[in-house]
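In what follows, a structure is listed as structure tokens, so that the remarks can point back to it.
Fair warning: this is a prediction, and the values are worked out from it, not measured in the lab. Numbers restart at 1 for each chain; the letters A, B, ... are given by sequence-line order, proteins then strands.
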Number of protein chains: 2
Amino acid sequence: MPDIKHFDPDAALDTALRLFWRQGMATTGIQDIVTATGLNRSSLYATFGGKRELYLAALKRYVELRSGPKYRRLAEDGRGLPAVADFFDGLIAARCSGEHAGWGCMAVNAQAGAEYGDFEVRALLERHHQDLRDALRAALVAAEERGQLAPGVDPGPTADVLALLAHGVNLRSRAGADARALRATVTSALDSIGRSPAV
Amino acid sequence: MPDIKHFDPDAALDTALRLFWRQGMATTGIQDIVTATGLNRSSLYATFGGKRELYLAALKRYVELRSGPKYRRLAEDGRGLPAVADFFDGLIAARCSGEHAGWGCMAVNAQAGAEYGDFEVRALLERHHQDLRDALRAALVAAEERGQLAPGVDPGPTADVLALLAHGVNLRSRAGADARALRATVTSALDSIGRSPAV
DNA sequence: AGTATCCTGGAACCACGATTCCAGGATGGC
DNA sequence: GCCATCCTGGAATCGTGGTTCCAGGATACT
């Protein structure tokens, strides 16, 4: 091994990830990434290959490191509806405050944008959606076992409803939607599937 | 008036609209529009001004001519929940079949994309969302008056939930989601707010 | 019929997009 | 300490982006 990289590829990828997340792939130039990371074009290309590969790596990183853990925790949390409520609370907090406020969900953004033309992107996003759906369903099954669900509420379709709701939250958060308003909306949705609807 | 346009501006705008709708603003080039409309760059610029103005006009046209009528019909339909169900049926049909299958909603796409950086685009989309929300609320108020809603279901927050759900449907339709699956999801959501939940 | 006005066609313009290439420098094994 | 190997910096390349300009042609009023 004659020479070694003078920078941290993971850190660089994370910087690129943030740019793609906020601005989308089409409107983020290589120059933007060069400027933000501080490293040179040559190093970028030598390390990641090209813009498409870089975006793909960033999206994969997002799905695995940002979404993945949240979904896994939801799926493994056995408390039922409280777990679902906590999941949405965390989601709204992450979307409306802190460093990434107003950025939405990178995967949702990609789905609505032209990035979606890419075959591998499609596959990643499809799996991402299924992961969310499955995690919600696991939590709802737990809720059902604990008798938390109103009669006639089926975990499967309800998980689909909540997954679409989460997509909606992600989307609206980009518009700078108020966190309290989003929480109220989610609460209303969860109330209508819970055992004793809010009186 | 010495000379008159040799083409129909509305038809040209509609062609541009379809391109922007499908591909987004960033990835649609003026050349694409020139090719699709068959008319010349000069005519395009003389008529619409520039890419940004053209996109803005297309988006406004979309909101007024495509979304607007649907929302108005929903708001004025006094039947309550059946009106909401019909609205979603029509939405899913339009998103999953016909000429625009898999295109999603232009407004939703714009919200997730970089188009959203533009001030006027933001204003248009915000109003678009409010229109949807208001229409749903009007329909839910009618449902409440007719005693169609389950106890504890409030038209206001529920309209917010359904608006986010609609956004989710629009998003997923771009992924080529199955129309029947989407209908089942929507049915599940509507059942949980209706008077007698599916047994 | 003449003419001022506007529209059309095509080329030209300029900036910025992604990508590649080459020289120079640093590294680790022998 | 030498050398093959890889990394770095910056310039160069080539295509494409949006936009503008000008000559030629068509029009409607006088």
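Taking atom CD1 of residue B:I33 and atom C1' of nucleotide D:dG18, one finds them 11 Å apart after rounding to whole Å. Atom-to-atom, CG of B:L39 to C1' of C:dC7 comes out at 12 Å; the value is rounded to the nearest Å. The interatomic distance linking A:E53 (CD) with C:dT19 (C1') rounds to 12 Å, in whole Å. One can place CG of A:N40 at 14 Å from C1' of C:dG25, the figure rounded to the nearest angstrom. Spacing between atom CG of B:L44 and atom C1' of D:dT20 amounts to 14 Å, rounded to whole angstrom units. Summarising the geometry, the separation between NZ on A:K5 and P on C:dT27 is reported as 15 Å, rounded to the nearest angstrom.
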Under 3.5 Å, which protein N or O atoms sit close to an N or O of nucleotides 3-5 of chain C? Give each pair with its distance.
none

Polar pairs (N or O, both sides) under 3.5 Å between protein and nucleotides 15-18 of chain C?
{"from": "C:dA18", "atom 1": "OP1", "to": "A:I30", "atom 2": "N", "distance (Å)": "3.2"}
{"from": "C:dA18", "atom 1": "OP1", "to": "A:K51", "atom 2": "NZ", "distance (Å)": "2.9"}
{"from": "C:dA18", "atom 1": "OP2", "to": "A:I30", "atom 2": "N", "distance (Å)": "2.7"}

Ignoring hydrogens and angles, write down the donor-acceptor pairs under 3.5 Å from the side chains of residues 178-189 of chain A, residues two or more places apart or on other chains.
{"from": "A:D178", "atom 1": "OD2", "to": "A:A181", "atom 2": "N", "distance (Å)": "3.4"}
{"from": "A:T185", "atom 1": "OG1", "to": "A:A181", "atom 2": "O", "distance (Å)": "2.9"}
{"from": "A:T187", "atom 1": "OG1", "to": "A:R183", "atom 2": "O", "distance (Å)": "2.8"}

Determine all donor-acceptor pairs shorter than 3.5 Å in which one atom belongs to a side chain in residues 26-35 of chain B; sequence neighbours excluded.
{"from": "B:T27", "atom 1": "OG1", "to": "B:Q23", "atom 2": "O", "distance (Å)": "2.4"}
{"from": "B:T28", "atom 1": "OG1", "to": "B:Q23", "atom 2": "OE1", "distance (Å)": "3.1"}
{"from": "B:T28", "atom 1": "OG1", "to": "B:G24", "atom 2": "O", "distance (Å)": "2.6"}
{"from": "B:Q31", "atom 1": "OE1", "to": "B:R41", "atom 2": "NH1", "distance (Å)": "3.0"}
{"from": "B:Q31", "atom 1": "OE1", "to": "B:R41", "atom 2": "NH2", "distance (Å)": "2.8"}
{"from": "B:Q31", "atom 1": "NE2", "to": "B:T35", "atom 2": "OG1", "distance (Å)": "3.2"}
{"from": "B:D32", "atom 1": "OD2", "to": "B:G29", "atom 2": "N", "distance (Å)": "3.0"}
{"from": "B:T35", "atom 1": "OG1", "to": "B:Q31", "atom 2": "O", "distance (Å)": "2.9"}

Extract all donor-acceptor atom pairs below 3.5 Å that involve side chains of residues 121-128 of chain B and protein atoms in other chains or at least two apart in sequence.
{"from": "B:E126", "atom 1": "OE2", "to": "A:R172", "atom 2": "NH2", "distance (Å)": "2.9"}
{"from": "B:H128", "atom 1": "NE2", "to": "B:S67", "atom 2": "OG", "distance (Å)": "3.0"}
{"from": "B:H128", "atom 1": "NE2", "to": "B:Y71", "atom 2": "OH", "distance (Å)": "3.2"}

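Of the residues listed (A:N109, A:L59, A:L54), the one engaging A:F20 in a side-chain contact (heavy atoms from CB on, under 4.5 Å) is A:L54, and it is the only one.
For B:S42 and C:dG9, the shortest distance from a side-chain N or O to OP1 or OP2 is not below 4.0 Å. OP1 and OP2 of D:dC7 both lie 4.0 Å or more from every side-chain N or O belonging to A:S43.
Comparing B:R52 and A:A46 by the nucleotide of DNA chain D that holds the closest heavy atom to each, the one mapping nearer the 5' end is A:A46.
Between B:M25 and B:R52 the shortest heavy-atom distance is CE-CA, 4.1 Å.
Electrostatic pairing of A:D86 and A:R73 does not count as a salt bridge here, judged by no charged N lying under 4.0 Å from a carboxylate O. In summary, B:R66 and B:D14 engage in a salt bridge, as defined by a charged side-chain N under 4.0 Å from a carboxylate O. Ion pairing between a basic and an acidic side chain is recognised when a charged N comes within 4.0 Å of a carboxylate O; A:R61 and A:D10 show such pairing.
Of the candidate nucleotides D:dA28, D:dG9, C:dT8, D:dA28 has the atom lying nearest to any side-chain atom of B:I4.
Listed by chain and number, the residues in a side-chain contact (heavy atoms from CB on, under 4.5 Å) with B:K70 are B:F87 (sequence neighbours excluded).
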